[in-house]
Amino acid sequence: MHVAHARGLSVPGELAVVGFDGIEVRQYANPPLTTVVPDKRQIAERALQCLADRIYSPVSNVAHLDIVTPHHLEVRASSGRRTG
């Protein structure tokens, strides 16, 4: 958002901005940053399980996985909409 402001663009008037990570500092941005908040505990648990599978299984037996973990969207002013 700093770059957008430096180039004369208004957020969210001319540019909507959405982040991904849900870090605490997002609420102090100006305007407050809309963000996708992932379930970091679930990501860590799944990563460790994949690592264990890789360590304890022959490489040829470890299948490619598409893993989806829970997440939610916190809409704030940077995307042009506010929710209660």
Side-chain angles (χ1 to χ4, degrees):
M1 286 191 293
H2 294 290
V3 172
H5 288 281
R7 294 181 182 218
L9 296 172
S10 68
V11 176
E14 298 172 287
L15 180 67
V17 178
V18 178
F20 180 92
D21 65 13
I23 61 173
E24 187 67 27
V25 74
R26 73 193 180 277
Q27 65 189 356
Y28 302 110
N30 187 20
L33 181 63
T34 294
T35 188
V36 176
V37 181
D39 183 336
K40 294 175 185 173
R41 180 183 179 99
Q42 184 70 235
I43 291 170
E45 288 174 1
R46 296 301 303 265
L48 289 173
Q49 184 60 55
C50 288
L51 179 60
D53 292 346
R54 179 69 69 173
I55 290 171
Y56 297 112
S57 298
V59 174
S60 61
N61 291 341
V62 178
H64 169 80
L65 298 173
D66 289 323
I67 298 173
V68 178
T69 58
H71 58 279
H72 68 276
L73 180 66
E74 289 184 4
V75 179
R76 292 195 170 83
S78 72
S79 62
R81 294 183 48 206
R82 285 184 201 223
T83 61

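All heavy atoms count here, side chains included; hydrogens, waters and symmetry mates do not. Positions are given from 1 along the sequence.
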Are [X] and [Y] close enough that some pair of their side-chain heavy atoms sits under 4.5 Å apart?
X   : Y   : answer
M1  : L33 : yes
L73 : V75 : yes
R7  : H5  : no
I67 : C50 : yes
P12 : S78 : no

Requested in this report: Would you give the length of the straight line joining atom CG of N30 to atom NE2 of H2, rounded to the nearest 0.5 angstrom?
Outcome: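 It comes to 9.0 Å.
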Show every donor-acceptor pair shorter than 3.5 Å between a side-chain atom in residues 13-20 and any protein atom, with sequence neighbours excluded, or say none if there are none.
unit_1 : atom_1 : unit_2 : atom_2 : d
E14    : OE1    : S10    : N      : 2.9

Query raised in the report: Taking P70 as the fixed residue, which of D39, V37, I43 is the one that meets the side-chain contact (heavy atoms from CB on, under 4.5 Å) rule?
Result: D39
Query - Shortest non-hydrogen contact from T34 toward A77 - result: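 In terms of heavy atoms, the two residues are closest at OG1-N, 4.4 Å.
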Query raised in the report: How would you list, by chain and number, every residue that makes a side-chain contact (heavy atoms from CB on, under 4.5 Å) with E45, sequence neighbours excluded?
Result: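 Expected list: R41, Q42.
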